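Encoded as C-alpha cells, here's the structure I'll be asking about.
Just so it is clear, the structure is predicted and the values come from calculations on it, not from any experiment. Only heavy atoms go into these numbers, but all of them, side chains included; no hydrogens, no water, no symmetry mates.
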Amino acid sequence: MPSAKLIPDVSVLLKKTGRLLLQVGAALFLTSIAWVLIYRWVSPPATWLMLDRRAHAPVGLGYYGIQEEPRHIRYRFRTLDEVAPSVPLALVAAEDQRFLIHHGFDLDALTKAAKRNWNGDGKHIVGGSTISQQVAKNVFLWQGRSYVRKAAEAYFTVLIETLWSKRRIMEMYLSVAEMGDCTFGVEAASQRYFGKSASQVTPAEAALLAGVLPNPLRFRASNPGPVARAKQLRVLRLMRGLGGTRYVAEMLK
C-alpha cells in the first residue's frame, strides 16, 4: 500500500516542478525582453564590467594606465549625432566590416577564427565576434569564457538585432566599450587621451581608438607604441576602403 500511494505523489511532484520551471523560464524571458526594450531608449547607468573594474584593478603583464585607488569610472553615453562621423566608421573598419549587412552573427568570420585558433599555438585566441555580439556581452552579461555565457550572448544578440536598430547597437557599442582602465566609451576615451570631446576627434584619432580595442589595457591610445601605430594605419586604410564617413552615415540613418 505505501508504494501504491507513492506513485501518484511522485507524478504530482513532477507536474508541479514542470509548471514551476515553465513559470520561471517565462519570467526570465519576459524580463530579458523588457530589459532590452528599456535600453532601446535609455542609456545603461553602468555595466557589469564597469562595476568589476571599479572594485578590482585588472592584473596582467604589460597593462598600461592602471588607475590607483580610489578607482572612479569614466563613462558618458553618446549618440551618433554627438560623435565625429569618423568614429563609427573606424569601429566598423576595425571590428566588424560586415556589421551593416549581417544579422548579429558573421559565420565567415567565425569560421576563419576557428581555423586560425585550431592551427595556432593555443596561446593567442582569435575572436570572431561581431559588434552586436560584443554589445550583448558588454551591456547584459559578465566577462569570462564558458558555454553558458556564450549561449546567453547568442540569445541577447538575437534580441538586440530584433528589437534595436543598427544605429542603436552602434551607439551602445561606442559608449560602453572598454577603452582603458576605468574608461568606457569614446567620449571618456577622447577626453582622457586627447583632451577633447568625441565630436572633435580626427579620423586618425578615431582610428587609433578603434585600433586599440582588441586589448585597450595593453595597447595605448595616448603615446602609442609601434604596434598601436601599425593598427591605426591599418584601420585608416580600411576606412578609406569602406568609402568614408558617407557609407556609415547612410546606413545608420
Taking everything shown except Glu68 itself, do over 12 heavy atoms lie less than 6.0 Å from its CD?
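Count not over threshold, so no.
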Is the backbone of Leu80 close enough, under 3.5 Å, to the side chain of Glu171 for a donor and an acceptor to pair up by distance?
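Yes; judged by distance alone, with no hydrogens or angles, the pair exists.
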Within 6.0 Å of CH2 in Trp48, more than 12 heavy atoms from elsewhere
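Atom CH2 in Trp48 is not crowded, with 12 or fewer foreign heavy atoms closer than 6.0 Å.
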Tell me if a side-chain donor or acceptor on Arg168 pairs with a main-chain N or O of Tyr39 at a distance below 3.5 Å.
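A pair under 3.5 Å: yes.
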As an exercise, state the distance from OG of Ser132 to CZ of Phe156, rounded to the nearest 0.5 Å.
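Ser132 atom OG to Phe156 atom CZ measures 14.5 Å (nearest 0.5 Å).
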Honestly curious: do Val42 and Met172 fall in one hydrophobic cluster under the side-chain, below-4.5 Å linking rule?
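Yes, same cluster.
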Looking only at non-hydrogen atoms, find the nearest pair between Arg74 and Gln67 and report the distance.
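Residues Arg74 and Gln67, closest heavy atoms: NH1-OE1, 3.3 Å.
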Kindly say whether Ala204 contributes a backbone atom to a donor-acceptor pair with the side chain of Gln232 at under 3.5 angstrom?
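Between the backbone of Ala204 and the side chain of Gln232 there is a qualifying donor-acceptor contact (under 3.5 Å).
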Which heavy atom in Phe184 sits nearest to a heavy atom in Val176, and how many Å separate them?
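Scanning both residues, the minimum pair turns out to be CD2-O, 3.3 Å.
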Is there a side chain to side chain contact (heavy atoms under 4.5 Å, CB included) between Tyr193 and Leu208? Walk through the geometry before answering.
CA-CA 10 Å; Tyr193 303 131; Leu208 184 59; over 6 Å; no
Do Met179 and Tyr64 belong to the same hydrophobic cluster, where Ile, Leu, Val, Met, Phe, Trp and Tyr are linked whenever their side-chain heavy atoms lie under 4.5 Å apart, directly or via other members?
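Different hydrophobic clusters.
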To the closest 0.5 Å, what do you measure between CD1 (Ile160) and OG (Ser165)?
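One finds 10.5 Å between CD1 of Ile160 and OG of Ser165.
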Note: Arg54-Asp181 ion pair, threshold 4.0 Å (strictly below):
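The answer is no: the pair does not qualify as a salt bridge.
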Please table the atom pairs, donor to acceptor, closer than 3.5 Å between any side-chain atom in residues 137-144 and protein atoms at least two apart or in another chain.
residue, atom, partner, partner atom, Å
Asn138, ND2, Gln134, O, 3.1

Heavy-atom pair with the smallest gap, counting every atom of Ala210 and Ala90
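What the structure gives for the nearest pair is CB-O, 3.5 Å.
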Could you state the interatomic distance from CD1 (Ile38) to CG (Leu163), rounded to the nearest 0.5 Å?
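These two atoms lie 12.0 Å from each other.
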Using the rule given for side chain to side chain contact (heavy atoms under 4.5 Å, CB included), can you reason through Ile131 versus His102, listing the C-alpha separation, both sets of side-chain angles and the distance that settles it, and then say yes or no?
CA-CA 10 Å; Ile131 285 177; His102 66 59; 5.9 Å; no
Residue pair Ala136 / Thr157: nearest heavy atoms and the distance that separates them:
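In terms of heavy atoms, the two residues are closest at CB-OG1, 3.5 Å.
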Is Lys166 reaching over with its side chain to a backbone N or O of Phe99, donor-acceptor style, under 3.5 angstrom?
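Indeed, once roles are kept as given, a pair shorter than 3.5 Å links the two residues.
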Check Phe105 against Ala154 and note the closest heavy-atom contact, atom names and distance.
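Nearest heavy atoms, Phe105 then Ala154: CZ-O, 3.7 Å.
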side-chain contact (heavy atoms from CB on, under 4.5 Å) with Thr162: which residues, sequence neighbours excluded?
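Result, side-chain contact (heavy atoms from CB on, under 4.5 Å) vs Thr162: Val158.
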Using a 4.5 Å cut-off on heavy atoms from C-beta on, say whether the side chain of Ile101 contacts that of Arg98.
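Sidechains of Ile101 and Arg98: in contact.
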Rounded distance (nearest 0.5 Å) linking atom CG of Leu49 with atom CD of Glu178:
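Separation between the atoms: 5.0 Å.
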Quick check against the 3.5 Å criterion: does Thr130 have a side-chain atom that pairs as donor or acceptor with the backbone of Gly104?
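Looks like yes, one N/O pair under 3.5 Å.
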Does Arg76 offer a backbone N or O that forms a donor-acceptor pair with the side chain of Glu187 under 3.5 Å?
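Side chain of Glu187 to backbone of Arg76: no pair is present.
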Nearest heavy-atom pair of Ile169 and Trp164: which atoms, and what distance?
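Nearest pair, atom of Ile169 first, then Trp164: CG1-CE3, 3.8 Å.
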Return yes if a side-chain donor-acceptor contact under 3.5 Å exists between Thr79 and Glu82, otherwise no.
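Yes, side-chain donor-acceptor contact under 3.5 Å.
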Please list, one pair per line, the donor and acceptor atoms closer than 3.5 Å that link side chains of residues 211-226 to other protein atoms, with sequence neighbours excluded.
residue, atom, partner, partner atom, Å
Asn215, OD1, Leu217, N, 3.4
Asn215, OD1, Arg218, N, 3.4
Arg218, NH1, Leu61, O, 2.1

Flag for Arg192-Thr183: side-chain donor and acceptor within less than 3.5 Å:
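Indeed, the side chains of Thr183 and Arg192 share at least one donor-acceptor pair under 3.5 Å.
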For Arg71 and Arg53, indicate whether the former's side chain and the latter's backbone hold a donor-acceptor pair under 3.5 Å.
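Confirmed, Arg71 side chain pairs with Arg53 backbone.
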If you measure only the distance, is there a donor-acceptor pair under 3.5 Å linking the side chains of Glu205 and Ser190?
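No - no donor-acceptor pair under 3.5 Å links their side chains.
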Examine distances only and state if a side-chain atom of Ser197 and a backbone atom of Gln200 form a donor-acceptor pair shorter than 3.5 Å.
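Looks like no, no N/O pair under 3.5 Å.
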Going hydrophobic residue to hydrophobic residue with side-chain gaps under 4.5 angstrom, can you get from Leu238 over to Leu174?
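Not linked; separate clusters.
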Grouping I, L, V, M, F, W and Y whenever their side-chain heavy atoms are under 4.5 Å apart, do Leu21 and Leu30 come out in a common cluster?
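In one cluster with Leu21: Leu30, no.
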Heavy-atom side-chain contact between Lys16 and Leu20 under 4.5 Å:
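The answer is no, as the side chains (C-beta and beyond) never meet within the 4.5 Å cut-off.
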Would you compute the distance between atom CG of Leu91 and atom CG of Leu209 and round it to the nearest 0.5 angstrom?
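It is 8.5 Å, given to the nearest 0.5 Å.
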Assess, by modelled atom type and distance only, whether the side chains of Ser32 and Tyr155 contain a donor and an acceptor separated by less than 3.5 Å.
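Side chains of Ser32 and Tyr155: pair found under 3.5 Å.
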To the nearest 0.5 angstrom, please state how far the CG atom of Leu28 sits from the CD1 atom of Ile33.
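If I round to the nearest 0.5 Å, the distance is 12.0 Å.
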Please tell me whether Val235 and Leu100 are part of a single hydrophobic cluster in this structure, the criterion being side-chain heavy atoms less than 4.5 Å apart.
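Yes; tracing contacts between hydrophobic side chains, which count when under 4.5 Å, links both residues.
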